[in-house]
There are 2 protein chains.
Amino acid sequence: MAYRATEATRRNAELKRRAFLRAARSLVAAHGFGGATVQAIAAESGASVGSVYSYFDGREDLLAEVFRSAAGHELGVVRDAAAGAGEGAVARLDALVRTFAGRALQGRQMAWSLLFEPVTPAVEAERLVYRSSYTGLLAEIVGDGVAEGVFAAQDVALAASAVLGAISEALIGGLRPGDRPAASAEADAAIVEGIRLFCFRALGTEETL
Amino acid sequence: MAYRATEATRRNAELKRRAFLRAARSLVAAHGFGGATVQAIAAESGASVGSVYSYFDGREDLLAEVFRSAAGHELGVVRDAAAGAGEGAVARLDALVRTFAGRALQGRQMAWSLLFEPVTPAVEAERLVYRSSYTGLLAEIVGDGVAEGVFAAQDVALAASAVLGAISEALIGGLRPGDRPAASAEADAAIVEGIRLFCFRALGTEETL
DNA sequence: CCAAGTTCTGAATCCAGTTTCACTTCTTCC
DNA sequence: GGAAGAAGTGAAACTGGATTCAGAACTTGG
């Protein structure tokens, strides 16, 4: 009995684990999930390929965690923005759309990866989870709006999906990486505004805030 | 000089080529592009693996052609339905949505493959082409509607994308293969109706046809 | 410093497919 | 029938990455 895991050891392991996650995340943000090969992740964090496997069950596992963390962060920001916008459904939807779309147009590559990039099944499963978190959030807002009478009566779940799809697809032109070298802030603002108006009309509200 | 390609020969070659395409298409319709391995295609058409390569440059080439043909057919049907619905933008949009969504809910697996299945770059490129055909078609209708005054004034291109996204995403719940064993005709009709109403509201029309 | 245990390393291996190609079979024409 | 060329075959080679694992390099407590 001459070696036993110590505090420092454990902390170190935790740091290394995080380093892998950080490296992978930065690779995804730069080149998408496809660019996050085990080789690249190891190189980026200055460790060996094999070492990745003592911290994660495999590439899928690691990337799923990266997805969860990145998507979870976005979801949190969007949720907070909506919650912080007050009581009214209109204000909450407004905040949600602005935040979601605005942020996507900032980190374009990451947004594309989270929303559209073809990924392996394990990661796709994570995506599904977040997708339904968003539709859940939207459904809540739409439902409240219908109850308040500011939105038209409608199938709430379907409307939530459709709104999410509309936002995503309208964004995609502006997202698809490698499309344009850079889109101006004004162009981005116009896209967000267009999406906003579309969504409000779709839900059947008069006041546009 | 003892052998030269004859009429029968050429016809035969053409038939075989089509047999490969048909086999691949049926595999895609049943199991998606992922299920259309070269092995499976060869087996399905009762030929050898190698033989595929004397008719196509490779798997990508073959699958791209399958995509083109399937998506082109759908697009044609949808376009015809819209054109056949008369002059008004409302009627044309109505026909487009009904046709697009209705048909997707019939061949679910194929629709999912054409719309969402992760595919190789060459096939994805085809998808992009058809996506923009649809948004083009939609943009035309929306533009006309705005001119007619039956739709609200808006960014036509953005609205077209958003409508396509709304339809697709609203469908996806009903499409994702393996989700449900079978959805009833009534449920399908309700989905189509919901999408229809959503789109009309989104474009800002009063009369819903 | 040593022994015992842990972590790290990266070349070798595996894997699930696609692609090739030497060989066989079939067609055509004389 | 036989020569010349086309088409078909399928086992073997290839591909590009993930995954493994035997040994090297560390850590710890004595």
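So you know, we letter chains A, B, ... as the sequences are listed, proteins then strands, and number each from 1.
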Against the side chain of B:Tyr55, the closest entry in C:dC8, D:dG8, D:dG29 is D:dG8
Show me the donor-acceptor pairs, under 3.5 Å and distance only, between side chains in residues 113-123 of chain A and residues at least two apart or in other chains.
residue: A:Ser113; atom: OG; partner: A:Gln109; partner atom: O; Å: 3.1
residue: A:Ser113; atom: OG; partner: A:Gln109; partner atom: NE2; Å: 3.1
residue: A:Ser113; atom: OG; partner: A:Glu117; partner atom: OE1; Å: 2.9
residue: A:Glu117; atom: OE1; partner: A:Phe33; partner atom: N; Å: 2.8
residue: A:Glu117; atom: OE2; partner: A:Phe33; partner atom: N; Å: 3.1
residue: A:Glu117; atom: OE2; partner: A:Gly34; partner atom: N; Å: 2.9
residue: A:Thr120; atom: OG1; partner: A:Glu60; partner atom: OE2; Å: 2.2

OP1 or OP2 of D:dT27 under 4.0 Å from side-chain N/O of A:Thr6
no
Near DNA chain D, which residues from residues 19-30 of chain B have a heavy atom under 4.0 Å away?
none
Send over the distance from A:Ile41 CD1 to C:dC8 P, rounded to a whole Å.
16 Å
Going 5' to 3' along nucleotides 18-26 of chain D, which nucleotides have protein heavy atoms under 4.0 Å from the base (write B), which only from the sugar-phosphate (write S), and which from neither (write -)?
SBB------
Under-4.0 Å side-chain N/O to phosphate OP1/OP2 contact, B:Thr9 with C:dT28
yes
Donor-acceptor side-chain pairing of B:Ser69 and B:Arg25 below 3.5 angstrom
yes
Ring pair (Phe, Tyr, Trp, His ring centres under 6.0 Å) with B:Phe20: which residues, sequence neighbours excluded?
B:Tyr55
Which residues pass the salt bridge (Lys or Arg N to Asp or Glu O under 4.0 Å) test with A:Glu44, sequence neighbours left out?
none
Side-chain (B:Ser51) to main-chain (B:Ala47) donor-acceptor, under 3.5 angstrom:
no
Ring pair (Phe, Tyr, Trp, His ring centres under 6.0 Å) involving A:Tyr134 - partner list, sequence neighbours excluded:
A:Phe100
